[in-house]
Amino acid sequence: MAIIRYFRLFSKKTICGFCGLFAVLMILIKLKDFTNKEIMIGNHDLLSRGTVTIEKIAKVKDVTNRSTLREITPSENNNIVIILKNSQGNPNLQKKFETLIQSIYRKSSISLYFHIICDSDGKTVANSTIRRYASKETKIMFHDVFDVTRKVKEQITQMQTFFSPSSKGYYGDPLFFLSIVLHRVIPLDRVIMLDVDLKFDEDIKDLFEFFSEFSDGNIIGIARENQPVYRHLFHQYRGKNPSTRVGAPPPNGLTGFNSGVLLLNLEKMRQSNAYNSLIDSPQTLERLTQKYLFKGHLGDQDFYTLVSLEDESLFYILPCGWNRQLCVWWRDNGYSQVFDQYYTCSEKIKIYHGNCNSKIPTLSWESETL
């Protein structure tokens, strides 16, 4: 009541003046916050610790709108996408993620921008791990795995029909198809997408430089499969077409791909009518699977392999040293005589891929820290 009696001493004109001044002051504060980029977006926050910035950005309502993309696309080009789900109570997965991050930072000479597609547990693991090893300015953006997959549920569901034996199986998880439609859910120009079971022995900057070698038609950079997986999966087609390149070993065969390391030019993927027609037309995919007598079970790499049989120009072939797969399962299961034709990689290994839980060798820089 005392405050009310106090204000009665002022004229209405004076009180209006105070209100106007207060409004101007609030606007200036908001402008200052915006200029400093300390923004609260939706229900998300911006946190920082040392050289690591943790960012969470509001859901993108329409990532196909070019003006929207330009407004929220980070200026950095060194974007890395990693999926981390179901890490709670899985120390093996957590250790693989830690090894990946540690190996990247052991060699990296550039600032990195991580995009972690994860559940709540994955966020905790990624946050603590990257904070532990980041040695230069690093940013992290978390994308809720359930929101992301929900946006492209229709496209992923049809992919599961052709490239997974069951939606309940290991490779039936929608995450194994997400790279195919990433250009529709993450508003960036280009990204490198990595499996968790990798170990770097080279500067990741050199991997980013392969983008500059893409031809006009290349939209995805990917390495060949190092086992005769697709020799086996296309055995019916090969039996009816004995002179085919399909499933044959390198360098001239269409060996098939491994999606553990992916260079995705998301902008070119958005603009490619040929690529998007495959995603949006289950009839086209059905025709291809029937033509090549193919039934896949390995998720996105089955899709890329099948598409490459019709249009090789969409893909830039990464050297084998940048995705050196260590799994030898097919050597011991019917293909020992031809196995080395697929498995041999004579160049220096830059990225080791411990697929099918293969043990990755201890590298020289690790020995120094033991």
Side-chain angles (χ1 to χ4, degrees), residues 83 149 152-184 193 195 197 219-241 244-250 253-262 264 269 274-312 314-315 317-318 323 325 327-330 333-335 338-339 342-343 353 355-357:
I83 298 173
T149 53
V152 285
K153 180 180 178 181
E154 180 180 351
Q155 292 80 11
I156 288 179
T157 298
Q158 77 177 31
M159 295 293 169
Q160 290 172 316
T161 302
F162 300 109
F163 308 116
S164 174
S166 169
S167 61
K168 297 181 180 180
Y170 180 72
Y171 285 104
D173 193 305
L175 296 182
F176 288 105
F177 300 89
L178 192 54
S179 72
I180 300 171
V181 288
L182 198 67
H183 60 297
R184 297 185 176 182
M193 191 168 185
D195 277 1
D197 54 348
I219 64 175
I220 295 172
I222 189 169
R224 298 182 187 275
E225 173 62 48
N226 290 162
Q227 294 193 93
V229 175
Y230 292 103
R231 186 185 187 101
H232 178 79
L233 294 181
F234 286 109
H235 72 277
Q236 290 187 59
Y237 181 81
R238 288 173 55 81
K240 294 183 177 182
N241 301 272
T244 185
R245 295 170 59 215
V246 174
L254 297 175
T255 311
F257 294 131
N258 181 280
S259 58
V261 177
L262 289 170
L264 303 174
M269 290 168 71
Y275 183 79
N276 286 289
S277 65
L278 292 164
I279 295 172
D280 296 323
S281 174
Q283 295 81 11
T284 301
L285 286 178
E286 185 174 12
R287 178 181 60 80
L288 289 179
T289 57
Q290 291 176 353
K291 175 180 177 179
Y292 292 101
L293 304 171
F294 181 75
K295 176 60 180 176
H297 67 282
L298 295 172
D300 57 358
Q301 70 178 47
D302 285 338
F303 171 80
Y304 297 135
T305 295
L306 186 63
V307 169
S308 71
L309 305 185
E310 294 286 294
D311 192 350
E312 296 179 57
L314 292 173
F315 302 93
I317 309 300
L318 288 174
N323 180 5
Q325 304 129 54
C327 183
V328 295
W329 190 89
W330 288 97
N333 288 272
Y335 288 91
V338 298
F339 183 83
Y342 297 82
Y343 191 74
H353 186 179
N355 53 334
C356 65
N357 285 316

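This one's a predicted model, so the numbers in the text were calculated from it and none came from an experiment.
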For this session: For residues H297 and L233, determine if any side-chain heavy atom of one lies less than 4.5 Å from a side-chain heavy atom of the other.
Result: yes
For this session: Report the residues that fulfil side-chain hydrogen bond (donor to acceptor under 3.5 Å, both in side chains) with D311, sequence neighbours left out, ordered by chain and then residue number.
Result: S313
For this session: Show your working on side chain to side chain contact (heavy atoms under 4.5 Å, CB included) between H183 and I279 and close with a plain yes or no.
Result: CA-CA 12 Å; H183 60 297; I279 295 172; 3.6 Å; yes
Problem set entry | Closest contact, heavy atoms only, Q160 versus D173 | NE2-C, 4.3 Å
For this session: Please report the shortest heavy-atom distance between V246 and R238, naming the atom on each side.
Result: O-NH1, 2.8 Å
Exercise. Can you tell me how far the CG atom of L293 sits from the CG atom of L288, to the nearest 0.5 Å?
Worked result: 12.0 Å
Exercise. Checking ring pair (Phe, Tyr, Trp, His ring centres under 6.0 Å) for the pair F163/F177: CA distance, chi angles, key distance, verdict?
Worked result: CA-CA 9 Å; F163 308 116; F177 300 89; 7.1 Å; no
Problem set entry | Residues in side chain to side chain contact (heavy atoms under 4.5 Å, CB included) contact with T161, at least two apart in sequence or another chain | none
Seminar exercise, completed: Applying salt bridge (charged side-chain N to carboxylate O under 4.0 Å, His left out) to D280 and not counting sequence neighbours gives R184
Problem set entry | Listed once per pair and sorted, the salt bridge (charged side-chain N to carboxylate O under 4.0 Å, His left out) pairs that draw on residues 295-308, sequence neighbours left out | none
Problem set entry | Side-chain heavy-atom pair L254, Y230 within 4.5 angstrom cut-off | no
Problem set entry | Residue list, side chain to side chain contact (heavy atoms under 4.5 Å, CB included) with N355, at least two apart or on another chain | D197, N258, Q325, C327, H353
Exercise. Side chain of N323, backbone of R224: donor and acceptor closer than 3.5 Å?
Worked result: no
Problem set entry | Partner residues of T157 under the side-chain hydrogen bond (donor to acceptor under 3.5 Å, both in side chains) criterion, sequence neighbours left out | none
Exercise. Nearest 0.5 Å, what's the CG-CD1 distance between L264 and I180?
Worked result: 10.5 Å
For this session: Of all the heavy-atom pairs spanning Q158 and P282, show the shortest one and how long it is.
Result: OE1-CD, 3.4 Å
For this session: Identify, with sequence neighbours excluded, every residue that meets side-chain hydrogen bond (donor to acceptor under 3.5 Å, both in side chains) alongside R231.
Result: Y342
Exercise. How long is the gap from CG on L314 to OH on Y275, to the nearest 0.5 Å?
Worked result: 9.0 Å
Exercise. Can you tell if the side chain of W329 reaches within under 4.5 Å of the side chain of V229, non-hydrogen atoms only?
Worked result: no
Problem set entry | From OH (Y343) to CD (Q227), nearest 0.5 Å | 7.5 Å
For this session: Locate the shortest heavy-atom distance separating P174 from T149; write the atom from each residue and the value.
Result: CB-CG2, 4.1 Å
Problem set entry | Spacing of CG belonging to L262 relative to CG belonging to D195, to within rounding of 0.5 Å | 7.5 Å
Seminar exercise, completed: Contacts of R245 meeting salt bridge (charged side-chain N to carboxylate O under 4.0 Å, His left out) (sequence neighbours excluded), chain-then-number -> E312
Exercise. If only atom types and distance count, is the side chain of T305 paired as donor or acceptor with the main-chain N or O of F257 below 3.5 Å?
Worked result: yes
Seminar exercise, completed: Interatomic distance, CD1@I222 vs CD1@I317, rounded to 0.5 Å, equals 7.5 Å
Exercise. Is a side-chain N or O of S164 found less than 3.5 angstrom from the main chain of L298, in a donor-acceptor match?
Worked result: no
Problem set entry | Any residue meeting salt bridge (charged side-chain N to carboxylate O under 4.0 Å, His left out) with K291, in chain and number order, not counting sequence neighbours | E310
Problem set entry | For H232, all residues meeting ring pair (Phe, Tyr, Trp, His ring centres under 6.0 Å), sequence neighbours excluded | H235, W330, Y335
For this session: Compare all side-chain heavy atoms of F234 with those of T244 and state whether any distance is below 4.5 angstrom.
Result: no
Exercise. With sequence neighbours excluded, what pairs up with Y304 under the side-chain hydrogen bond (donor to acceptor under 3.5 Å, both in side chains) test?
Worked result: S179
